2 protein chains.
Amino acid sequence: MASDSRPRSAGDGRPRPATVPDDELARRVLNLVWRRRAVSRAEIARSTGRSRSTISEVVGRLLGTGLVAEVGAGESRGGRRPILVGFEDEAGVILGVDVGATHISVILTDLRGNTLAWRERSHPVRSDPKGAEALITGLGEACLAEWNGDRSRLMGIGVAVPSPVDPGSPDRVLERVLPAWRGHGVLDRLNSVFRVPVFVDNDANLGAVAERWWGEAVGIDDFVYLKVATGVGAGIMINGEIHRGATGVAGEIGHVAIDPNGPECVCGNRGCLATFVGTRQLVDRARSLLNSYPDSILAGTEPGIRAIEDAALADDPLALQVVNEAAVRLGIVVAGVLNLLNPGSVVLGGSLARAGDRLIRPLREAVATRTLVASAAASDIRTSDLGERAVALGAATHVLVAALANPRLFPGVIPA
Amino acid sequence: MASDSRPRSAGDGRPRPATVPDDELARRVLNLVWRRRAVSRAEIARSTGRSRSTISEVVGRLLGTGLVAEVGAGESRGGRRPILVGFEDEAGVILGVDVGATHISVILTDLRGNTLAWRERSHPVRSDPKGAEALITGLGEACLAEWNGDRSRLMGIGVAVPSPVDPGSPDRVLERVLPAWRGHGVLDRLNSVFRVPVFVDNDANLGAVAERWWGEAVGIDDFVYLKVATGVGAGIMINGEIHRGATGVAGEIGHVAIDPNGPECVCGNRGCLATFVGTRQLVDRARSLLNSYPDSILAGTEPGIRAIEDAALADDPLALQVVNEAAVRLGIVVAGVLNLLNPGSVVLGGSLARAGDRLIRPLREAVATRTLVASAAASDIRTSDLGERAVALGAATHVLVAALANPRLFPGVIPA
DNA sequence: GCACTTTGTTCGGCGCCCGAACAAAGTCTG
DNA sequence: CAGACTTTGTTCGGGCGCCGAACAAAGTGC
């Protein structure tokens, strides 16, 4: 629905905005130019297997759209110097929205993932969906205002939600998790306010997209992104594409059982990962340890998750203990994922990723003792360095991915 | 290497055996005819989106290869009755080899997965690889002899091995597991004896292929096949293709930890799935229970795995207890797989699948208490009914899949 | 019996793409 | 430094896959 709607960019009523590159070859060339940043026609011909004459014609059409431009001359390879063609990163902008459990953040990026503007606000999303709706459009407007560019260049909006998304109707958030967002609420609203296509996906999935394009997983086609924040979720990238599963709930690993004798979980089972790892659990655990660590920086305070992470970075023994315990629990699940999927990499995101090496080192240890196959154990495990903007960035990137796969989504800029 | 070699079918030295359909459209049409079994040119045109004239020309060429043929007239849709075109299932035959830990079996199939011949023999593969090599070729020859058809119609050989296969060089079995098969041994031997391409893959992967084409997972693109026999392995089908992972060891779930206090495993960890489920473990467990079940059919015997399965089917309490325990352990892992991957289906194969409902029912129960998300829990779990031939059949099917994706592999039959 | 449909074939033509040829602009060698 | 050689990018004629129109053959339905 919303994601099907076409961009009604800057009321130009011409029958055809420009020579829209809707053919397969133009799409491939456009993607190649995006990836290589500066590449000659001859090089494109070699990469695609087409002749130089054909590529020359296609590039000519692409130049007309304003999405690519000649950007100077390259090094000679023994003959005439090539004319380099590059992608116009500023030809379009994208809004990315991260709807968390307790906050909303919005990012504005160009077509290279550069941040043009950024806004964040705490908000009780679950209890006040109406306010959340207004907040999203407000923050979006604020970002566009700060950027102060031509608004007709806005291509689309990506939205990350902390719940599974039905693959059949990607604009309909599962009511079970966000009941108030039922039906054609927020997303059609967004569409009608900004008049551009709106895409929705799960937050862990979009975090994985961000890592794949700008973070630790660039160039890796099979990896798993683990988001550890309020809850725990996984984004599974297989063959360069998000794996959603049969009903769209793939990656919901919060309720994988890791200890049959563990504490009871809200889901009715015992020893779920979610009963050990997650903002609420880590904070509770830290507070219960306060008496045992009288020398801790945190002693005498009522620490929040941020304080605990900061303390861990300062090598506070209490905080390190909490992080260590979480790492071991995560390690059990990561080991299972490695044994099952053999990903090329595992990237840890979410707020806990701030702990960096202090989280990764014990986690690697826990994994190493639980994986038989040497190559699986060799899979590298890293923390994300995209920070708190990762998910919003991934939401924006999702729109970019869609546009590169279907260039009609790009605005028909500079038609001359 | 071996899998790259082209079939040197029946010494016809012509520059071009026939109008080999190497173009994309001919490939699509051929696949469509295979799937629909009997379909008119007009219907193909509608399905592919091409014009009737184009399809008519392509079908004409395919008729010349002998891979398809006109098979009669169909129902009228209000006008002239269509001429139905069908796939010639007997145009080629394929050998499938299942190399187990303690046995070798070989199947000969046509292009519809029909069994034309079948041979099986116990053999200590690990300790006598040289004998295994001779046995494979011998059983293969025996199958071809029983079939008694034109040997130039043999298209290829698929081989299933009980170990991971490096995706980079699919003809080189990982030495760690089958050290004696190092380098260019058995497979090049097979290739030079039968003079057809040889394909190799992991047994669980090929079991999944068999289920996808002929078994419980027909039409399902995302599912997981669990093979429970000497060991435990998983074949993961995603988007209709086997998922091998970054280094080809995806699906090696035998050493997923399910109980931190469980018995020690050969891998050095505690409580691996492999310490509970697997032929050796089930037999040991059954024997240790003999004293507690004096009334069991198995009392006073030294039961093997087959006897235990038979006893379970006869509702013997001891055998049921063993199967129950295995089911609960498997359930823990299946629940994890469901939470992580959300497959459309889970199919249980291997010898233990013989237990059928007696295995599935307690397994479903164990899974239901460990999955939060309703749709994940709704994923149906079934046992395979392909029996002991599943893996060999999958190996043969692997060759069929390759040929349908690249029709050059088909023999140039009936060139007139 | 007649109008209408559907199928499968033939045939002219359009469009994508290629290869050859060429001018422009380099590099390398003697 | 001049001339031979390379590489790039463009132009242009042509091949080939595919389409649409037209048609004959063979049905259905009123």
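On a predicted model such as this, the values are computed, not experimentally measured, just so you know. Throughout, a chain's letter reflects where its sequence line sits, starting with A, and its residues are numbered from 1.
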Rounded to whole angstrom units, what separation is found between the CZ atom of A:R50 and the P atom of C:dG19? 11 Å

Side chain to side chain contact (heavy atoms under 4.5 Å, CB included) partners for A:L32, two or more places apart: A:R35, A:R36, A:I44, A:S47, A:T48

Set of residues satisfying ring pair (Phe, Tyr, Trp, His ring centres under 6.0 Å) with respect to A:W147, sequence neighbours excluded: none

C:dC16 P sits how many Å from B:D23 CG, rounded? 19 Å

Distance-only, no hydrogens or angles: does the B:N31 side chain make a donor-acceptor pair with backbone N or O of B:L404 under 3.5 Å? yes

Has B:R46 got a side-chain N or O lying under 4.0 Å from the OP1 or OP2 atom of C:dT7? yes

So B:I55, base contact, sugar-phosphate only, or nothing? Heavy-atom distance under 4.0 Å. nothing

Is the side chain of B:R112 donor-acceptor paired with the backbone N or O of B:W34 at a distance under 3.5 Å, no angle test? yes

Which is true for B:G60 with a 4.0 Å heavy-atom rule: it touches a base, it touches only sugar-phosphate, or it touches nothing? nothing

B:R37 atom CZ, over 12 foreign heavy atoms within 6.0 Å: no

Between the base of D:dT7 and the side chain of A:R80, is there a donor and acceptor pair under 3.5 angstrom? no

Taking CZ from B:R52 and P from C:dT5, how many angstroms apart are they, rounded to a whole number? 14 Å

Whole-Å gap separating P (C:dG15) and CD (A:E57): 12 Å

Calculate the interatomic distance between B:L84 atom CG and D:dG27 atom C1'; express it in whole Å. 14 Å

Distance in angstrom units between B:L25 CG and D:dC16 P, rounded: 17 Å

Pairwise N/O distances under 3.5 Å, protein to nucleotides 28-30 of chain D:
none

Does any N or O in the side chain of B:E88 come within less than 3.5 Å of the main-chain N or O of B:G66, such that one atom is a donor and the other an acceptor? no

The nucleotide from C:dT7, C:dC17, D:dG9 with an atom nearest the side chain of A:A42 is D:dG9

Just how far is it from atom CG of A:L116 to atom CG of A:N148, taken to the nearest 0.5 Å? 12.0 Å

Nearest-angstrom distance from the residue atom CD1 of B:I83 to P of C:dG8: 5 Å

Of A:S53 and B:S51, whose closest DNA chain D nucleotide lies nearer the 5' terminus? A:S53

Measure CD/B:E75 against P/C:dT7 and give the value in whole Å, please. 13 Å

